[in-house]
Amino acid sequence: MYDDFQSEIFHMQSELCKAMSDPKRLRIINELRNGEKTVTELTAVLGLKQSNASQHLGILRRAGVIAFRREGKTSFYRLANPRIIDACDIVHQLIADQLRNSRSLARAIERLEN
């Protein structure tokens, strides 16, 4: 029973990571960190075509990362759970740490070779 539950959780985690695996979708998430925006606002800030932005927004919405509401003909998008920003920030910090470690290693190797 527990293994089935864990397997389902890992499957859901995998699907969430897939939805967030595109740089354009990560940029959308980052733009929504300060509040909701319309497709028009997102396309202007990110330099995306409306059809491309809508496709990415659909993927994020189906994954439960973002939510939307309609006001007349305008759709407003927001983060479904603001904690997604915490997850993105942690990944940024991990990458920054890796880059710092790689640079330190490269400098150490360079000193050894000279």
Side-chain angles (χ1 to χ4, degrees):
M1 180 73 169
Y2 177 77
D3 287 338
D4 291 342
F5 179 71
Q6 277 293 89
S7 292
E8 182 59 24
I9 294 294
F10 284 134
H11 177 75
M12 293 172 71
Q13 183 178 3
S14 171
E15 291 302 311
L16 176 64
C17 288
K18 284 181 202 175
M20 295 175 57
S21 68
D22 186 281
K24 291 174 186 170
R25 293 193 283 271
L26 291 172
R27 290 175 59 208
I28 290 170
I29 292 167
N30 192 57
E31 283 301 316
L32 296 176
R33 78 169 45 228
N34 295 317
E36 68 180 13
K37 290 194 173 28
T38 65
V39 175
T40 304
E41 291 171 325
L42 289 168
T43 57
V45 171
L46 300 173
L48 298 174
K49 292 182 179 180
Q50 193 274 334
S51 59
N52 191 248
S54 292
Q55 180 182 17
H56 288 295
L57 289 165
I59 291 168
L60 291 170
R61 193 166 33 96
R62 285 189 294 281
V65 175
I66 62 172
F68 79 105
R69 68 177 177 86
R70 287 199 194 279
E71 197 172 288
K73 292 183 179 183
T74 306
S75 293
F76 292 86
Y77 289 87
R78 68 184 181 287
L79 297 173
N81 185 330
R83 291 180 60 200
I84 199 72
I85 292 300
D86 297 336
C88 289
D89 288 346
I90 288 169
V91 172
H92 275 140
Q93 291 166 0
L94 289 170
I95 291 168
D97 289 347
Q98 288 175 341
L99 289 172
R100 277 191 291 278
N101 290 339
S102 295
R103 287 185 186 128
S104 295
L105 180 59
R107 283 192 294 270
I109 290 170
E110 188 176 286
R111 283 192 295 269
L112 289 174
E113 291 176 345
N114 291 331

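Because only heavy atoms are used, hydrogens play no part in the values below, and waters and symmetry mates are left out as well, while side chains stay in. Since this is a predicted model, take the numbers as computed values, not measurements. By convention here, the first residue in the shown sequence is residue 1.
The CZ atom of Phe10 sits 10.0 Å away from atom CG of Asp3, with the distance rounded to the nearest 0.5 Å. Here the CE atom belonging to Met12 is positioned 13.0 Å from the OG atom belonging to Ser7, to the nearest 0.5 angstrom. Lys24 contributes atom NZ, which lies 9.5 Å from atom CD1 of Ile28 (distance to the nearest 0.5 angstrom). Atoms NE2 and CD1, on His56 and Ile29 in that order, are 11.5 Å from each other to the nearest 0.5 Å. Between atom CD1 of residue Ile9 and atom CG of residue Asp4 there is a gap of 12.0 Å, rounded to the nearest 0.5 Å.
Side-chain heavy atoms closer than 4.5 Å link hydrophobic residues (I, L, V, M, F, W, Y) into clusters, and following such links, even through other members, never connects Leu57 to Phe76. Hydrophobic cluster membership differs between Leu60 and Val91, with clusters built from Ile, Leu, Val, Met, Phe, Trp and Tyr side chains linked at under 4.5 angstrom.
Arg25 places no side-chain N or O within donor-acceptor distance of the main-chain N or O of Ile59, the cut-off being under 3.5 Å.
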Between Arg33 and Asp89, does a side-chain contact (heavy atoms from CB on, under 4.5 Å) hold up when you go through it step by step?
CA-CA 11 Å; Arg33 78 169 45 228; Asp89 288 346; 2.8 Å; yes
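Residues that satisfy the salt bridge (charged side-chain N to carboxylate O under 4.0 Å, His left out) test with Glu41, not counting sequence neighbours, are absent from this structure.
Here the side chains of Leu48 and Leu42 are not in contact, with every heavy-atom distance at 4.5 Å or above. Side-chain contact check for Arg78 versus Leu32: every heavy-atom pair is 4.5 Å or farther apart. The shortest side-chain heavy-atom distance between Leu26 and Met20 falls under the 4.5 Å cut-off.
Legend: side chain to side chain donor-acceptor pair (under 3.5 Å) pairs involving residues 9-19, not counting sequence neighbours, sorted by first then second residue: Glu15-Lys18.
When every heavy atom of Ala53 is checked against every heavy atom of Val39, the shortest pair comes out as CB-CG1, 4.4 Å. Among all heavy-atom pairs drawn from Ala63 and Ala19, the shortest one is CB-CB, 3.4 Å.
For the 3.5 Å distance criterion, the side chains of Asn30 and Arg27 fail to qualify, holding no donor opposite an acceptor. No hydrogens or angles considered: a donor-acceptor pair under 3.5 Å links the side chains of Gln50 and Ser54.
When the shell of 6.0 Å around CZ of Arg83 is examined, it contains 12 or fewer heavy atoms from other residues, nucleotides or ligands.
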